[in-house]
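Working notes, structure below.
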Amino acid sequence: MPSCVVRVEGASANEPKIRAFLEEEYPRVVATVALAGGSRASAEDAVQEALARAWERSERGERIDSLGAWVTTVALNLSRSRWRRVMAERRARARLGPATPQHPVPEDALDLDRALARLSRRQREAVVLRYYLGEDVAGIARILGVSDGTVKTTLHRARKALAEALDDREDDRVGT
Amino acid sequence: MSGLDDRIREGLERLARPADGSDIIEDVARRRRRLRVVRRARTATLALAVVAGSAAGVWGLSRAFDFDRQTQPGVSGGRNGLIAFSAKTEENDWDILVVNPDGSGLRPLVAGPHGEIHPVWSPDGKRLAYITQRERTASLQIVEADGSDRDKVFGAPGPLFRPAWSPDGSRIAIASASGQLLILELARSTYIAQSLGIPILGAPAWSPDANHLAFAGGQEEPMSYEEQAQIYTWDVERRKLMRVTDMTGAPTDPVWSPDGSRIAFINEWVGEGCPSMASELGPDDPFFGLHVVDVQTQVTTRLIARACHGPPAWSPDASRVALVGGEEPASVVIVMDVDSPEDPLMGIKVEGEAPSIAWSPDGRLIAFSAGDSIRVAPIGRSASEIVSGIGTLGDIAWQPVTAPVAGPTVGAPTSPSADPIGCPTDGDPLPGSYRPSDPQIEEDAGGLGEGRLARPRIYEDDARPLRCRYLLVVPAPDGDILYSAVPEARWLPGLPGAPTVLMSAEIDGQPGQEVVVAFGGPGHPHRTGVVFTLEGERLRAMRVAGARVSIYPTAAVPLSGEFAVGIDCAGEPGTIVTTSGAFASGGDLHYDITRTFHRARGTVFEEIDRETFTVDVGTEGERWPETADDPFRSCPR
């Protein structure tokens, strides 16, 4: 793999924000996108692409109020593109070598992993945004582009499905 | 918080593998630079480079299958822009959704716990104003076209009528059900309440010069024919009110003609039935129908007696008007030339009453609600459904584009340019206007007529003309759609569900160059392709038969099912590679992938290679076999 020295052009006004995002939010946003569907490689690709777009838009004068929410939204959209995921996989393999070892699923999370796989894409996204990224209903609605009511219904159904899959007899309540 | 919630949370923490962002700023910066190149090239090149054995052409864009507009939230559509509409579902209150004119990309733009209604695009198409209606209060909100930056601009203690943008987009006029007219200055976030002295009965309308507002005013619930509303104009600068009509009936929904000389309005029959009451009253009865009043002379002319519901929708060039007539329980969407109303261009029966109508910004299509569906129809042709089953539908609004394209004229060619490669010195707009029904489609070897290379004047958002742009104008296989080639391989707006076009090259005007174009898409799974050869400014088209090309827009990839992507072989002209697959969910999840390579030889697409393989889909993503080579590789010889 050839090594390239890449010179970042000048210092843009928005670079501190981008750096701050990379330091503070990027790790969990990538994990969120990966948990919602897709591999780590495709999630990283989607989040980096979304961040680059946000950066470019900001430099052009467009306002993005919440960089984290914007990047999460766009990255989730990008990650839903199946072809894009395929290409990301291939680029990742090209970068890392012929065989990329798959990350083993922790044994104590196997049940949840299987249960998540049985949810629809939308349900999985809502669950991950809620329980991993800690978004509230309104925040999830903004990111997914749906109404609050749809989020509540989605979470309700997802939680019910997870409870059945995990053989859990908890109260049927969406956490607040 | 319940035990289940804790279990989910803790489990996700264990499953998650947070990434390390400390070392990737340069990767992101590199992507940003690439985006800028793509963006400059995309706006700079609405053309194809025709490449033959002579020149290599520019491949950077044509080989990239563009995902930008398919994956970013709320990105606007093609020349005609998105169609925004309000819809009420069983689950939610009114929300505002958007959809591309071909029915793809349906998604919510504004959704919330209250009723979001009356979407109206700003004149530049970059923002949408709408009303959020709560139980007792309402507010005017503005949102960016991509759904971001929602701003509450104004609140009122009661319902608000549909807002009206001033022609320059700097102001919004809005009327409340309590009869107040307000003009909001957006830049200064201020508003001025206009004291008119009469109650306002509906949405106001700006004159094209923004000096006047027209509205229906008067008694809200007339008790008799004598106590009726009239059409008024309000001089915004001089604060002067003028009554324009003096009619018996209930004039409503005034709409200015785009040249500002006339106001059209519906004079509604206040009784029941439509148009049976007209037949009872007689055809000359002045009460009823679509009227046009000359603003200067105030002479009112009735155009058609069958109209029942408003508001009338003027075409962008003011030559035509669309309105709703018909007999209950169905309505009829009628389109007519203003100068020959007795001979309507089309009449489409729709279920339900009072559909909302919107013209496409290019004036060639109308969109209208019909029951629980939205349909789009080219003028004079049948309508196709693009949205259905969402719920009750409200207002429709078609996003105007900010970069008008001086469309090419198909017909007699202009004289060949002396310098097909160089840029014209002073823009080169083509004469005439673009009429998709005009071209002579010849039944040659494939039913495809000759294409044409055109150099229109194209404007960027800031209205600076761009030069040196070439468009490839291609009569489509269906004979209805002319295709303007862009690197992303998009159709011009035409019939809904128009197929995707894939091209193998970009045009730079070199004589003798070729471009291979393949057509495909939903409902056209195995279209054939065309080879175009540039001769002067005309393109000689040869239909390529026998291509087994399956092209499917990735924007519409369903959760499960078949998908396909087409590209070229490492940028080689005259080649097309398609990767198609089916997602199989029975048993182990996997894709069955077929990759097919074609090269155009003469008039035939020959399949030169094919490979099939399986991609396993696990919870950690897809695992492609090592033997599946990069689809961008060179084609076999």
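- Here the straight-line distance linking atom OH of A:Tyr131 with atom CG of B:Leu12 works out to 9.5 Å at 0.5 Å rounding.
- The two residues A:Tyr26 and B:Gly21 come nearest to each other via the heavy atoms CD2-CA, 3.3 Å.
- A 4.5 Å side-chain heavy-atom check between B:Asp27 and A:Glu44 finds every atom pair outside the cut-off.
- With a 4.5 Å cut-off on side-chain heavy atoms, B:Arg7 and A:Leu112 do not count as touching.
- Put simply, the side chain of A:Leu51 does not reach to within 4.5 Å of the side chain of B:Ile24, judged on heavy atoms.
- Contacts of A:Val29 with chain B are absent, with no heavy-atom separation under 4.5 Å from either backbone or side chain.
- Of the inter-residue distances, the one linking B:Arg9 atom CZ with A:Tyr132 atom OH reads 12.5 Å to the nearest 0.5 angstrom.
- Note that the CD atom of A:Glu15 and the CD1 atom of B:Ile25 stand 5.0 Å from one another [nearest 0.5 Å].
- Counting heavy-atom neighbours within 6.0 Å of A:Glu23 CD, excluding the residue itself, gives a total of 12 or less.
- Evaluation of the salt bridge (Lys or Arg N to Asp or Glu O under 4.0 Å) test over residues 134-147 of chain A, restricted to residues two or more places apart or in two chains, returns none.
- Applying the salt bridge (charged side-chain N to carboxylate O under 4.0 Å, His left out) rule to B:Glu10 yields no partners; only residues at least two apart in sequence or on another chain are considered.
- In terms of heavy-atom proximity, B:Ala16 sits nearest to A:Leu35 at CB-CD1, 3.8 Å.
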